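All values reported here derive from a predicted model rather than from experimental measurement. The basis for the numbers below is simple: all heavy atoms, side chains too, and nothing from hydrogens, waters or symmetry mates. The residues of the chain are indexed from 1 along the displayed sequence.
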Amino acid sequence: QVQVVESGGGLVQPGGSLRLSCAASGDRFSIYGMGWYRQVPGKQREFVARITSNDSSGNTNYADSVKGRFTISRDNAKNTVYLQMNSLKPEDTAVYYCLVLLYGVATNYWGQGTQVTVSS
């Protein structure tokens, strides 16, 4: 029912920045929330950031490891969420996945992931 596509990943030097995008599309749906997770080989997928409702005030959450460096935002008209990543560190290297949650639907919709590599 819903397709989720991430983009914006790439290779960046430590201290650099990247902006990830995630767009959701489908026949008809209402988005409750969108978020970002990341995963490295051999490790469990971990939470990065999420945003809910129609505004961002008081409705965003971040993992402690990215607070002050990453910013999540949402464009409801475009069903798109963004993750601005600043001051990137090598430990931020991972495949970043977008999660979409819908009202009245139990299924979690995941994107295919986009690779972020932080290295000199």
T117 (side chain) donor-acceptor with L11 (main chain) under 3.5 angstrom: no

Side chain of E6, backbone of S21: donor and acceptor closer than 3.5 Å? no

For the residue pair L20 and M85, establish whether any side-chain heavy-atom pair is separated by less than 4.5 Å. yes

Check against side chain to side chain contact (heavy atoms under 4.5 Å, CB included), V2 and V4: CA-CA 7 Å; V2 176; V4 181; 4.1 Å; yes

If hydrophobic clusters are built by linking Ile, Leu, Val, Met, Phe, Trp and Tyr wherever their side-chain heavy atoms come under 4.5 Å apart, do W110 and Y32 end up in the same one? yes

Begin from the C-alpha positions of R19 and Y82 and carry the test side chain to side chain contact (heavy atoms under 4.5 Å, CB included) through to its verdict. CA-CA 7 Å; R19 190 192 191 206; Y82 307 95; 3.5 Å; yes

Working for side chain to side chain contact (heavy atoms under 4.5 Å, CB included), residues L99 and N108: CA-CA 7 Å; L99 171 66; N108 295 331; 3.7 Å; yes

For residues N86 and S17, is any side-chain donor paired with an opposing acceptor at under 3.5 Å? yes

Is the W36 to F47 ring centre distance short of 6.0 Å? no

Distance (rounded to the nearest 0.5 Å) between L102 CG and I31 CD1: 6.5 Å

If you measure from CE on M34 to CG on N76, what distance do you get to the nearest 0.5 Å? 9.0 Å

Please determine whether a side-chain nitrogen of the Lys or Arg among K89 and D92 lies less than 4.0 Å from a carboxylate oxygen of the Asp or Glu. no

